[in-house]
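Below is one structure, written out as structure tokens, with a few remarks after it.
Predicted model, so just to flag it, every value in this text is computed and none were measured. Reminder, nothing fancy here: chain letters follow the sequence lines and each chain counts from 1. Computed from heavy atoms alone, side chains included, the values below leave out hydrogens, waters and symmetry copies.
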There are 2 protein chains.
Amino acid sequence: MLQILSLIGDKWSILVIGQLRDRTLRFSELHRAVKGISQRMLTLTLRQLERDGLLTRTVHPSVPPRVDYALTPLGATLLDSVVALGEWATAHRQEINDNRRRYDATHVPRTRP
Amino acid sequence: MLQILSLIGDKWSILVIGQLRDRTLRFSELHRAVKGISQRMLTLTLRQLERDGLLTRTVHPSVPPRVDYALTPLGATLLDSVVALGEWATAHRQEINDNRRRYDATHVPRTRP
DNA sequence: CGGTATCCGGCCGGATACTG
DNA sequence: CAGTATCCGGCCGGATACCG
């Protein structure tokens with residue numbers, strides 16, 4: 001259970017899956033689409049998701065090389081929950097930020113210079 | 001957006017929220033319910049969730065002390081998505097484990113002794 | 001283009017000890 | 001009971017260099 005949750009728990013996984021929502025993307029497209037991810041983390045994330053059977057990796061033997069990533073049916077089933085989470089995050093972003101500001105304002109810091 | 005996702009991304013947050021699904025729990029009950037979590041991580045997780053306004057922390061001035069945690073309305077809205085994720089994880093646990101085994105069996109290790 | 005390989009600083013989180 | 005404080009090892013992930 002924890003091992004499955006840690007799959008979802010990886011924020012990069014969620015973002016990558018979200019990008020593959022309705023189209024196949026190649027590596028460089030994903031790299032540009034998921035802002036802030038390093039090439040290393042994108043590679044590791046994709047390998048993990050491929051290993052879990054959530055997406056397929058297709059190598060086209062061409063010059064220059066081209067690798068396409070697409071969701072599997074299993075990945076598509078997760079997409080629904082992921083999209084729901086994304087919508088929740090978007091819908092309550094402001095409210096959460098307000099809560100944080102209020103909390104930080106009322107709960108005085110314990111360390112004093 | 002990333003900051004919101006990292007809130008969900010914390011596996012402990014998901015598990016704690018799931019435990020508060022239909023009842024208030026005190027600290028020690030949560031500690032027992034969420035298997036594997038250390039006292040430190042439980043405290044940190046609860047503070048984070050309280051700061052974001054997803055749960056309330058109620059201190060009862062008694063001896064021995066007693067602290068209850070309960071979801072806020074905002075926390076309850078997240079609960080739906082969290083439950084969906086949990087159900088997805090449960091439903092596809094076996095399938096994912098099979099995929100991992102198959103992947104590990106076919107993709108030979110790159111390091112050879 | 002789409003990766004590996006390697007180095008390494010930071011912080012995550014467990015263990016332990018102490019307190020109101 | 002429900003925390004805080006402190007230490008510290010491990011691994012996460014960025015930066016960089018190189019390859020098919």
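Nearest to the side-chain atoms of A:W12 among the listed nucleotides D:dG3, D:dG14, C:dG13 stands D:dG14. The A:R47 side chain lies nearest to C:dT4 when the options are C:dT4, D:dA2, C:dC1. Of the candidates C:dT4, D:dA2, D:dT4, the closest approach to any side-chain atom of A:T43 belongs to C:dT4. Of the candidates C:dT4, C:dG14, D:dG14, the closest approach to any side-chain atom of B:M41 belongs to C:dG14.
Counting to the nearest Å, the P atom of D:dT4 and the CG atom of B:L46 are 10 Å from each other. Between the P atom of D:dG3 and the CZ atom of B:R57 lies a distance of 5 Å, rounded to the nearest Å. For the pair B:Q48 CD and C:dG13 P, the interatomic distance rounds to 11 Å; values are reported in whole Å. Atom CG of A:L44 is separated from atom C1' of D:dG14 by 12 Å (rounded to the nearest Å). In this structure, the CG atom of B:D10 is 6 Å from the P atom of C:dG13, given to the nearest Å. Taking atom NE2 of A:H31 as the reference point, atom P of C:dT4 lies 14 Å away to the nearest angstrom. Note: CG (A:L42) to P (C:dC1) measures 14 Å, nearest angstrom. Spacing between atom CG of A:D68 and atom P of C:dC1 amounts to 14 Å, rounded to whole angstrom units.
Smallest separation of non-hydrogen atoms from A:Q19 and A:A33: OE1-CB, 3.5 Å.
Between B:L74 atom CG and A:I96 atom CD1 the span is 5.5 Å, to the nearest 0.5 Å.
Phosphate contact (OP1/OP2 of D:dA2, side-chain N/O of B:R66, threshold under 4.0 Å): absent.
Two residues are said to be in side-chain contact when any heavy atoms from C-beta on lie closer than 4.5 Å; A:T43 and A:F27 meet this criterion.
A donor-acceptor pair is defined here as one N or O able to donate and one able to accept, closer than 3.5 Å; such a pair exists between the side chain of B:T72 and the backbone of B:G53. A donor-acceptor distance shorter than 3.5 angstrom exists from the side chain of B:S38 to the backbone of B:M41, with no hydrogens or angles considered.
The 5' end of DNA chain C is approached more closely, in terms of each residue's nearest nucleotide, by A:S28 than by the other of B:I37 and A:S28.
B:E95 and B:N99 are not linked by any side-chain donor-acceptor pair at a separation below 3.5 angstrom, with hydrogens and angles left out of the test.
We find that A:R102 and A:D104 are not joined by a salt bridge, their nearest charged nitrogen and carboxylate oxygen being 4.0 Å or further apart.
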Going 5' to 3' through nucleotides 15-20 of chain C and flagging B where a protein heavy-atom sits under 4.0 Å of the base, S where only the sugar-phosphate is that close, and - otherwise, we get B----B

